[in-house]
Amino acid sequence: MEADAVPAGRRASVRADARPGTRPAGPPTPEAAPGYALAGRRTGTGDTGHRPGRRPATGPGAAVPGPVPAGAARPGQPGQAGRRRAAGGPGVGAGGSGNGPAPLGRFLAKAAAVTAGLTAAGAVFGLVRDQTIAHLFGAGHDSDAFLIAWTVPEMASTLLIEDAMALLMVPAFSHALARRAASRAGLTRREARAADPVRLLVGATLPRLAVFLAAVASVLIVAAPLVVGLLAPGLPDPELAVQCTRMTALTVLTFGVAGYFSAALRAHRSFVPPAAIYVSYNVGIIGTMVALHALWGVRAAAAGVAVGGLLMVLVQLPAFIRNVGFGPTRAKGAPRSQRDRDRPTLLAFGLIAPVIFFAVFRQSQVLVERFLAASLPPGAISHLNYAQKVAQMPMVLSLMICTVTFPVVAQAMAGGEREKARRRVEQDLALASLAVLIGSALVIGYAPQIIQVLFERGAFTHRDTLATADVMRVYGLGLLGHCLVGALSRPFFSTARPTWFPALAMGAGLLVNIVAGALAVGWWGTYGIAAANAAGISTTAALLLTGLGSRIVAIQVRRVALSIGRLAVAAVAAGGTGWLAGPMIPDPLLSAALGCLLVPAMFGATGTAMRAIEVTSLPAQITQITARLTTCLTQLTQRFRNVR
């Protein structure tokens, strides 16, 4: 369906975005823009209720556009129904029955549930991908060469999908949607289409972005030998890594377009295609490796990365065309001021510059590890990679708590509710620390059994299992730091103008990582590199924890630190128990399965003995979360039945 087509029987249900006698919807408030990018909250347009593909209705039933605080009323506003529509509902994709719109909180819960499910699926496929690489190529020269080449898409993913692109383009699309809602009243379909700010924004930015990213990818392809020389100067035979790098460099273009599509779709409250990109990415890698490994060797894995990047774009393309569409670079006869208004400005880049540097510094930890490990015997880079990927799974799962609750923090900060933000941040830190420390205890206690079950087959030998397990145990010491950095950075970026403090703290941690790694690699090899990583990220976490209270949210740092300390003691007891009990059962699968019961039980017993409130209140919290998820699933089921 075209973006301006309107179903005949549904126009009457769409409320107005602009009409005579009401003030036009303004652009989103700057306070909401940073939080919007991660929370998926359509600032400015969520309050107007406009959906692409519908004409604004006019008449006495139309709601006043613009942000409406909860419980507030305006002269001429049509009562509670209008206020509910201003919060978002089916008209913006929130779902709900035909009797009335669903509250915004319910919509965010559904979106979070879908996103979490697809994220978990992507993580599972990522694990299968790593298992396939280990099975086909083991841990040696070939896998090291591929992992050097994989550095390019890892950096591109952070900058072009997860952070920078989202924080730049989501606010830009929010402003365009707000202008569309305010300017369509009284226009014909053709006129509205010709002057559509959303289409003008796409026409003004997407072609330029594609050309720029294609140029960067071309430079990387030509300069691949130099790139490999900088990333891994001690690699004995760099030619294979150069060939793989030339294939993975294509992801600079595909990841950038995929990130652009994701930002645009989230601005239009379409969350499923953006959440599915990593599933398609990993499926592309796995399928290409299985099909071509006998012919191309490890180059098939690099080709799979290129194929997976293309699938990221294709999985979102139909939804992008349906919800956003492509448009002209400018409206015919439009003045230059109007054309410039539809482009992201340097001010927008200035707002996200702290986020860009924070993301680059954080991702540079991988560069440091591979740079230092390149001079070690073949297989060192692979051991570090497998250990890190498995060890960080508890951290990723624990951060899903903060990701889901981040809209609450962002809205509280925007509304000046500092006390509400403080309570939410403290609760998030406690729950995330609880989850990651239980996972850390399991990873440290049962490292050999976990690695053996996941990877020891094909070219991955028992010697590789032991080396990877020892490195993973050292990595486990830094998991709490990784989790806290992810959780603490969100409140910093929820303010009107993100502060530079997280980037500086991450830079300090990176410096510790570099210095400690350079000193330790000669003595302890891969163990020294992993220990330096743990020391660097823990330094950053300590700086963020102490700096958050004085700069952003007045959390009680001492109480939070004591709470995390009690949980850490429980994790030490649980991990030590698993370390001793794991070898007692010869079968690694059975041993790891029993460890999944033993470690949490020991953690809970120790935490209860120490009166850690996070442990004692956990059963009630689990019951509450289960009830909310059940409610969301019931509502989704009812919605699908209504559709059928």
Side-chain angles (χ1 to χ4, degrees), residues 126 129-160 213-258 281-313 363 366-386 388-389 458-460 464:
R129 174 203 66 203
D130 293 338
Q131 289 177 320
T132 306
I133 294 173
H135 175 73
L136 297 177
F137 312 115
H141 172 263
D142 287 358
S143 59
D144 286 353
F146 167 69
L147 292 174
I148 292 298
W150 206 358
T151 305
V152 174
E154 284 179 329
M155 291 292 293
S157 173
T158 300
L159 292 177
L160 299 177
L213 294 177
V216 173
S218 301
V219 170
L220 287 175
I221 292 173
V222 174
L226 178 60
V227 173
V228 172
L230 292 175
L231 294 177
L235 205 63
D237 182 14
E239 182 57 30
L240 182 59
V242 170
Q243 296 174 7
C244 292
T245 300
R246 283 176 169 151
M247 285 186 277
T248 59
L250 297 173
T251 58
V252 173
L253 174 60
T254 55
F255 280 16
V257 176
Y281 174 62
N282 290 318
V283 167
I285 297 176
I286 296 169
T288 306
M289 280 194 298
V290 172
L292 299 178
H293 75 277
L295 181 63
W296 288 1
V298 78
R299 298 173 187 83
V305 173
V307 172
L310 180 61
L311 292 179
M312 280 182 159
V313 177
Q363 188 62 34
V366 177
L367 302 181
V368 172
E369 293 176 8
R370 292 175 184 172
F371 181 89
L372 295 174
S375 59
L376 296 177
I381 296 176
S382 299
H383 296 152
L384 287 167
N385 175 75
Y386 293 132
Q388 186 184 67
K389 292 293 176 61
F460 198 92
D464 295 325

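Everything numeric here is computed off the predicted structure, so don't read it as measured data.
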S.K.: Search all heavy atoms of Asp144 against all heavy atoms of Ser382 and return the closest pair with its distance.
M.R.: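 Closest approach of Asp144 to Ser382, heavy atoms only: OD1-OG, 2.7 Å.
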
S.K.: If I take atom CG from residue Leu384 and atom CG from residue Leu372, how far apart are they, to the nearest 0.5 angstrom?
M.R.: 9.5 Å

S.K.: Judged by atom type as modelled, is there a donor-acceptor pair below 3.5 Å linking the side chain of Thr248 to the main-chain atoms of Ala149?
M.R.: yes

S.K.: Under a 3.5 Å distance rule, please check whether Arg129 uses its side chain to pair with a backbone N or O of Ile286 as donor and acceptor.
M.R.: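 Absent.
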
S.K.: From Leu147 CG over to His383 NE2, what is the distance, rounded to the nearest 0.5 angstrom?
M.R.: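 Reported value, rounded in 0.5 Å steps: 11.0 Å.
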
S.K.: Give a yes or no on whether Phe137 atom CZ has more than 12 heavy-atom contacts from other residues, nucleotides or ligands under 6.0 Å away.
M.R.: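 Result for CZ/Phe137: enclosed.
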
S.K.: Do any N or O atoms from the side chain of Thr245 and from the backbone of Ala241 form a donor-acceptor pair under 3.5 angstrom?
M.R.: yes

S.K.: For the residue pair His293 and Thr132, establish whether any side-chain heavy-atom pair is separated by less than 4.5 Å.
M.R.: no

S.K.: Rounded to the nearest 0.5 Å, what separates atom OG1 in Thr251 from atom CG in Leu160?
M.R.: 8.5 Å

S.K.: Of all the heavy-atom pairs spanning Ile285 and Ala301, show the shortest one and how long it is.
M.R.: CG2-O, 4.3 Å

S.K.: State, with a plain yes or no, whether a side-chain heavy atom of Val366 is found less than 4.5 Å away from one of Met155.
M.R.: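 They are not in side-chain contact.
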
S.K.: Could you report the tightest heavy-atom contact between Val305 and Tyr281, atom names first, then the distance?
M.R.: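 For Val305 versus Tyr281, the nearest heavy atoms are CG1-OH, 3.6 Å.
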
S.K.: Considering non-hydrogen atoms only, spot the tightest contact between Ile381 and Ala373 and give its length.
M.R.: CG1-CB, 3.7 Å

S.K.: Please round to the nearest 0.5 Å and tell me the distance separating atom CG of Leu250 and atom CG of Leu310.
M.R.: 9.5 Å

S.K.: In sequence, state the C-alpha distance, the side-chain angles, and the governing distance for Ile148 and Cys244, and then conclude on side chain to side chain contact (heavy atoms under 4.5 Å, CB included).
M.R.: CA-CA 8 Å; Ile148 292 298; Cys244 292; over 6 Å; no

S.K.: Only counting residues at least two apart or in another chain, list the ones meeting salt bridge (charged side-chain N to carboxylate O under 4.0 Å, His left out) with Arg370.
M.R.: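 Arg370 satisfies salt bridge (charged side-chain N to carboxylate O under 4.0 Å, His left out) with Glu154 once adjacent residues are dropped.
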
S.K.: What's the spacing between Ile133 CD1 and Phe460 CZ if we round to 0.5 Å?
M.R.: 12.0 Å

S.K.: I need the Asp464 CG to Tyr386 OH distance, nearest 0.5 Å.
M.R.: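 Answer for the CG-OH pair, Asp464 versus Tyr386, is 8.5 Å.
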
S.K.: Could you report the tightest heavy-atom contact between Met312 and Ala258, atom names first, then the distance?
M.R.: CB-CB, 3.8 Å

